[in-house]
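Heads up: the structure comes next, in structure tokens.
It should be emphasised that the depicted structure is a prediction, and the values quoted were computed from it without experimental measurement.
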Amino acid sequence: MIKGIGTDIVQVSRFNRKDIGSWKNRIFTENEWNYSFSHADPYPHLAGIWAAKESFIKASGKKETELKSIEILHEESGKPFIEIKSEGAIHLSISHEKEYATAIVIIEN
């Protein structure tokens, strides 16, 4: 049974900023930061991770959740998953294309 669905879309250019380093301590975990900057263009990956975190908050209905407490990791295959204590299975998909990144989260009981 589906408990919640959340989706988010962000413009990648929001993450290609001079002050992006200040976001590292407030929003992204060390693993997320390292994953994103292991790519030639890290900004679509940062945007996708942001969208995934926002999608999880929408799906869970827990607006008070701190973004940094939600960690987006990747399997060896590249498939993303959410590392957070939750009551049920969490399904995540992230996509980015040129100017936009999007994510969807489905939480099951």
Side-chain angles (χ1 to χ4, degrees):
M1 177 187 213
I2 294 176
K3 181 179 176 181
I5 298 173
T7 187
D8 195 55
I9 186 169
V10 295
Q11 198 166 18
V12 172
S13 62
R14 287 182 55 201
F15 297 85
N16 191 0
R17 307 165 34 154
K18 291 180 183 177
D19 67 341
I20 189 69
S22 68
W23 291 24
K24 179 181 178 184
N25 296 324
R26 294 184 298 117
I27 297 165
F28 300 104
T29 67
E30 194 71 30
N31 289 328
E32 293 165 341
W33 192 260
N34 291 340
Y35 172 81
S36 297
F37 279 89
S38 72
H39 294 84
D41 185 2
Y43 304 108
H45 301 279
L46 290 171
I49 289 169
W50 170 280
K53 291 175 182 233
E54 288 287 322
S55 296
F56 175 80
I57 289 170
K58 291 173 183 176
S60 69
K62 298 178 181 177
K63 294 182 180 184
E64 69 283 351
T65 305
E66 291 184 28
L67 290 175
K68 197 162 182 174
S69 71
I70 305 164
E71 187 168 36
I72 309 303
L73 300 172
H74 296 79
E75 296 177 358
E76 281 190 37
S77 66
K79 179 182 175 184
F81 65 96
I82 294 177
E83 186 69 35
I84 191 168
K85 292 181 182 176
S86 178
E87 303 150 7
I90 303 171
H91 306 279
L92 168 64
S93 180
I94 300 174
S95 185
H96 40 80
E97 174 65 25
K98 297 181 184 174
E99 297 178 29
Y100 297 96
T102 186
I104 185 167
V105 170
I106 299 172
I107 301 175
E108 292 183 298
N109 281 345

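In this structure, I104 and L92 have side chains that are not in contact, with every pair of non-hydrogen atoms separated by 4.5 Å or more. For the pair I5/V105, no side-chain contact is recorded, criterion being any heavy-atom separation below 4.5 Å from C-beta on. Counting heavy atoms from C-beta outward, K24 and E30 have side chains that approach closer than 4.5 Å. Residues N34 and T29 are not in side-chain contact: their nearest non-hydrogen atoms beyond the backbone lie 4.5 Å or more apart. Looking at heavy atoms from C-beta onward, L46 lies in side-chain contact with W33 at the 4.5 angstrom threshold. The side-chain heavy atoms of H91 and E108, taken from C-beta on, include a pair separated by under 4.5 Å. I27 is not listed as a side-chain neighbour of K68, based on a closest heavy-atom distance of 4.5 Å or more. In this structure, the side chains of L67 and E54 come closer than 4.5 Å at one or more pairs of heavy atoms.
Put simply, the side chain of K3 never gets that close to the backbone of I107: no donor and acceptor are under 3.5 Å apart. Judged by distance alone, the side chain of T7 and the main-chain N or O of A103 form a donor-acceptor pair under 3.5 Å. Looking only at distances, a side-chain donor or acceptor of T102 sits under 3.5 Å from a matching main-chain atom of D8.
Separation of atoms OG (S95) and OH (Y100) is listed at 14.0 Å; rounding is to 0.5 Å. The distance from atom CZ of F15 to atom CD1 of I49, rounded to the nearest 0.5 Å, is 9.5 Å.
Taking the six-membered ring for Trp and thresholds of 30 and 60 degrees, H74 and Y35 have nearly parallel ring planes, at less than 30 degrees apart. Below 30°, between 30° and 60°, or above 60°: for H39 and H45 the angle between ring planes is below 30°, a parallel geometry.
For the pairing with K53, the side chain to side chain donor-acceptor pair (under 3.5 Å) check across E32, E66, E71 returns one residue only, E32.
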